[in-house]
Protein chains: 2
Amino acid sequence: MKPQDQSSADPASKEHLRLWLRLLKINRLVEAELRERLRLSFGTTLPRFDVMSALYRNPKGMKMSELSRLLMVSNGNVTGIVDRLTEDGFMLREAVPGDRRAARVRLTRNGIAEFERQAAAHEEWVSELLGGLSPEDTRRMADDLGTALTLDRKDADDA
Amino acid sequence: MKPQDQSSADPASKEHLRLWLRLLKINRLVEAELRERLRLSFGTTLPRFDVMSALYRNPKGMKMSELSRLLMVSNGNVTGIVDRLTEDGFMLREAVPGDRRAARVRLTRNGIAEFERQAAAHEEWVSELLGGLSPEDTRRMADDLGTALTLDRKDADDA
DNA sequence: GTCTGAAATTTTAAGCTTGAAATAAAAATG
DNA sequence: CATTTTTATTTCAAGCTTAAAATTTCAGAC
């Protein structure tokens with residue numbers, strides 16, 4: 001497994017670039033649609049949904065740094081989003097016994113209920129938006145991406 | 001719904017959701033890496049690269065609204081990015097004869113030269129980052145995404 | 001011509017995002 | 001212990017992004 005040589009006429013790099021442009025495009029299409037629907041249906045945003053989703057899967061709460069690493073966004077970014085979600089009563093910061101630097105964040109009862117409504121709609125929307133892909137294509141592509149991701153390192157979780 | 005249980009009864013939507021989460025993940029990984037490298041190597045950003053790329057492919061220039069539509073970002077967004085790239089001397093606004101509302105933007109000679117340097121590196125980086133995918137997987141996935149995209153809505157551009 | 005509505009662009013306010021600097025507390029070192 | 005280093009988080013400045021409002025100009029109806 002050696003690095004590929006880099007000729008500007010390398011056909012493999014052209015194919016990779018073609019794939020990358022399509023990944024980018026479908027991502028933008030789906031994200032734009034999800035953002036619009038989250039806004040209209042729930043008055044929320046994708047980053048807020050992502051944070052609530054992470055906390056929903058971790059009912060005991062997560063430290064800010066854990067959230068930041070899982071979502072692959074900066075620490076300061078998480079601070080702001082959690083601030084606003086806390087103001088809205090969907091989550092709260094708790095002290096971590098034995099470490100006065102850290103903060104543990106978890107969903108409130110209200111936040112759990114709200115996220116469950118959002119998640120149900122979200123799953124339907126995603127399936128609708130990717131509906132052009134057959135079940136076989138869907139599964140195969142997810143598997144292919146899985147191998148690409150493991151080779152790329154840095155994959156933390158994954159079912 | 002209990003915490004931890006986000007599944008619906010529909011297995012197809014489950015698979016679509018799984019694929020979507022992986023698309024998101026690889027997108028974030030690759031974008032984070034490209035952003036970092038563009039910053040360190042060229043002192044620029046992904047949105048700036050995208051705008052320059054669009055203009056490079058349209059040497060006669062594009063109207064702001066055309067840029068906005070092609071890149072799938074808002075009008076106001078394009079305004080700010082073009083403003084800053086213009087200050088840097090990489091592009092300029094020209095009047096459109098017969099329509100005093102519109103502005104045509106095109107790369108300067110300097111902008112063309114700068115983009116060519118960036119694009120060469122960019123193509124290598126993308127190929128390196130997607131290197132975990134074999135040529136066959138790469139081609140098949142790009143084709144599958146192509147069909148998903150045509151079904152998803154109108155796709156304007158290329159092959 | 002004048003009006004009215006549509007189109008192209010910019011402006012604005014709010015939120016998202018980053019990288020870097022600042023705080024603060026824990027851990028390691030001597 | 002005191003000092004240094006590392007870790008967790010927040011703050012900050014700059015840029016990105018959107019949706020909505022405001023401007024300016026065009027084009028069609030009258």
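Both backbone and side-chain heavy atoms feed into the values below; hydrogens, waters and symmetry mates do not. To find a chain, count down the sequence lines: A is the first, B the second, and so on, and within it residues start at 1.
One can place CG of B/L71 at 13 Å from C1' of D/dC16, the figure rounded to the nearest angstrom. When rounded to the nearest whole Å, the span between CE of B/M64 and C1' of C/dT11 equals 12 Å. Atom-to-atom, CZ of B/R39 to C1' of D/dG15 comes out at 13 Å; the value is rounded to the nearest Å. Taking atom CG on B/L38 and atom C1' on D/dG15, their separation rounds to 15 Å, with Å as the unit. One can place CD of A/E31 at 14 Å from P of C/dC16, the figure rounded to the nearest angstrom. Going from atom CZ of A/R104 over to atom P of D/dT7 covers 18 Å, rounded to whole Å. When rounded to the nearest whole Å, the span between CG of A/L46 and P of C/dC16 equals 10 Å.
The backbone N or O of B/S134 sits less than 3.5 Å from a side-chain atom of B/T138, completing a donor-acceptor pair. A/D99 places a side-chain N or O within 3.5 Å of a backbone atom of A/R101 that can act as its donor or acceptor partner. Looking only at distances, no side-chain donor or acceptor of B/S13 sits under 3.5 Å from a matching main-chain atom of A/E124.
Residue B/L34 holds its CG atom at 5.5 Å from CG of B/L129, rounded to the nearest 0.5 Å.
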Inset, instruction - Go through the steps to decide whether B/F49 and B/F115 satisfy the test ring pair (Phe, Tyr, Trp, His ring centres under 6.0 Å), and finish with yes or no. - result: CA-CA 8 Å; B/F49 180 84; B/F115 176 74; 5.2 Å; yes
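A side-chain donor from one of B/T44 and B/R48 sits under 3.5 Å from a side-chain acceptor of the other.
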Distances under 3.5 Å between nitrogen or oxygen atoms of protein and nucleotides 1-3 of chain C:
none

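The salt bridge (charged side-chain N to carboxylate O under 4.0 Å, His left out) test applied to A/E31 returns no partner, not counting sequence neighbours.
Listed by residue number, the members of residues 77-101 of chain B with any heavy atom below 4.0 angstrom from DNA chain C are B/T79, B/R93, B/R101.
With salt bridges taken as basic N to acidic carboxylate O contacts below 4.0 Å, none links A/R140 and B/D137. Taking a cutoff of 4.0 Å between a charged side-chain nitrogen and a carboxylate oxygen, B/E36 and B/R39 qualify as a salt bridge.
Among the heavy atoms of the strands, none lies under 4.0 Å from B/R69. Base contact: A/S74 has a heavy atom under 4.0 Å from a base atom. Backbone-only contact: B/E36 has heavy atoms under 4.0 Å from sugar-phosphate atoms and none from a base. Here B/T45 lies in heavy-atom contact (under 4.0 Å) with sugar-phosphate atoms only.
Taking the nucleotide of DNA chain D with the nearest heavy atom to each of A/G76 and A/R35, the more 5' of the two is matched to A/G76. Along DNA chain C, the nucleotide nearest A/V73 and the nucleotide nearest B/S65 are compared for position; the residue whose nucleotide lies closer to the 5' end is B/S65.
Nearest nucleotide to the side chain of A/N75, out of D/dT9, C/dA8, D/dA19: D/dT9.
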